[in-house]
Number of protein chains: 2
Amino acid sequence: MTIKKNSNGICLCPLKEIITTISKKWAILIISALGHHDRLRFNDLMNILEGISPKSLTDLLKELLNEGLINREAFSEIPPRVEYFLTDEGKQFCEAILPLVQWAENRDNLRR
Amino acid sequence: MTIKKNSNGICLCPLKEIITTISKKWAILIISALGHHDRLRFNDLMNILEGISPKSLTDLLKELLNEGLINREAFSEIPPRVEYFLTDEGKQFCEAILPLVQWAENRDNLRR
DNA sequence: CAGCATCCTGTGCGATACTG
DNA sequence: CAGTATCGCACAGGATGCTG
């Protein structure tokens, strides 16, 4: 996805990267989930995000890792244990989307 | 796109709809642009959002209309003139994503 | 000017089966 | 448990050309 800079007053470019991330179906959900739980393991996330496939989860986690929004810690145990948690940047992001989430909830309520 | 409710504490369901909207590549950009300009015409948007195709813009505008985030006013003139602007809900949305936009800008700056 | 109609491609993402 | 490996499809969205 490419978003060019505009010739106009406001520059929308910085939005480019978040959008690519956010536009992934489960991204916000994962971040929110981690925001509520401190640390979660792969299958924890599989349960919380009902309906996600292991592949999609793996893909997303990798992307969020690359973006520096989450961290991964693997323990050399048997059975293996891996924990995911938000980085500081991820926490900031989590707070940044709070108004959005609240707006969504509010809107949701008004419609019922 | 389907997002089931989870069995867990937090309900992520209200996020479902915004995500479907937000996940459209140009949605946030259009809203932001309209948030900065009061009223914009089709070609104004085409210019501000450099790179968008008329088809994509049309599609998105329709969707945002359906979502009730923007309004459309057509003037019976020749050549035709059509103006788009945010609804109250759209303005609220615009404010709701402000922290996100700012987070993105900030992050963008730190990286250079 | 403000679009609609078509065609076409990339890829997000789901389903399923398998592994260290 | 925490993934990987395949397969397949729906759909976002780009390019181009046409119209009231």
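Letters go in sequence order (proteins before strands), and every chain restarts at 1.
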**Request:** With heavy atoms under 4.0 Å as the rule, sort B:Thr58 into base, sugar-phosphate or nothing.
**Result:** sugar-phosphate
**Prompt:** Reckon A:Lys24 has a side-chain N or O less than 4.0 Å from the OP1 or OP2 of C:dT11?
**Reply:** no
**Message:** Whether B:Arg41 contacts C:dA2 is assessed here as follows: a side-chain N or O lying under 4.0 Å from the phosphate OP1 or OP2. Is that the case?
**Reply:** yes
**Asked** For B:Asn106, which residues count as a side-chain contact (heavy atoms from CB on, under 4.5 Å) partner, sequence neighbours excluded?
**Response** B:Leu110
**Asked** Among all residues two or more places apart in sequence or in another chain, which pass the side-chain contact (heavy atoms from CB on, under 4.5 Å) test with B:Lys91?
**Response** B:Leu86, B:Asp88
**Complete:** If each end axis of the helix from C:dC1-D:dG20 to C:dG20-D:dC1 is fitted on five C1' pair positions, the angle between them, to 10 degrees, is 60°
**hydrophobic_cluster_shared for A:Leu40 and A:Leu57, side chain cutoff 4.5 Å** = yes
**Fill in**
Protein heavy-atom contacts under 4.0 Å, written 5' to 3' over nucleotides 15-20 of chain C as B (base), S (sugar-phosphate only) or - (none), form the string BB---B
**Request:** May I have the distance from B:Glu77 (atom CD) to C:dG3 (atom P), rounded to whole angstrom?
**Result:** 14 Å
**Rounded distance in Å - CE (A:Met46) to P (C:dG14)** = 10 Å
**Request:** Rounded off to whole Å, could you give me the CG-to-P distance for the B:Asp44 and C:dA2 pair?
**Result:** 7 Å
**Item:** Separation of B:Ile52 CD1 from B:Leu29 CG (nearest 0.5 Å)
**Value:** 8.0 Å
**Message:** For residues A:Ile22 and B:Leu98: do they belong to one hydrophobic cluster (side chain heavy atoms under 4.5 Å, members Ile, Leu, Val, Met, Phe, Trp, Tyr)?
**Reply:** no
**Prompt:** How many angstroms lie between CG in B:Leu100 and CD1 in A:Ile28, if you round to the nearest 0.5 Å?
**Reply:** 7.5 Å
**Message:** Using whole Å, what does the distance between atom C1' of nucleotide C:dA2 and atom CZ of B:Arg81 come to?
**Reply:** 13 Å
**Asked** Nearest-Å distance, CG (A:Asp59) to P (D:dT4)?
**Response** 9 Å
**Asked** Do A:Leu34 and A:Leu64 have side chains that get closer than 4.5 Å, going by heavy atoms?
**Response** no
**Message:** What is the separation between atom CG on B:Leu60 and atom P on D:dG14, rounded to the nearest whole Å?
**Reply:** 10 Å
**Listed partners of A:Ser53 passing side-chain hydrogen bond (donor to acceptor under 3.5 Å, both in side chains), at least two apart** = A:Ser56
**Request:** Report the nucleotide, chosen from C:dG14, C:dC4, D:dA2, that has the shortest atom-to-atom distance to any side-chain atom of A:Trp26.
**Result:** C:dG14
**Message:** Does C:dG12 have its OP1 or OP2 closer than 4.0 Å to a side-chain nitrogen or oxygen of B:Lys25?
**Reply:** no
**Prompt:** How would you label the contact of A:Phe75 with the nucleic acid (heavy atoms, under 4.0 Å): base, sugar-phosphate, or nothing?
**Reply:** nothing
**Prompt:** Which residue pairs pass the salt bridge (Lys or Arg N to Asp or Glu O under 4.0 Å) test with at least one member in residues 30-39 of chain A, sequence neighbours excluded?
**Reply:** A:Arg39-A:Glu73, A:Arg39-A:Glu83
**Complete:** Value for OG (A:Ser23) from CH2 (B:Trp26), rounded to nearest 0.5 Å, stands at 12.0 Å
**Message:** Just the rounded figure in Å: distance from P of D:dG14 to CD of B:Glu50.
**Reply:** 13 Å
**Message:** Can you work out whether B:Ser56 or A:Tyr84 has the more 5'-proximal nearest nucleotide on DNA chain D?
**Reply:** A:Tyr84
**Message:** Rounding to an integer number of Å, can you tell me how far B:Ile28 CD1 sits from D:dA12 P?
**Reply:** 16 Å
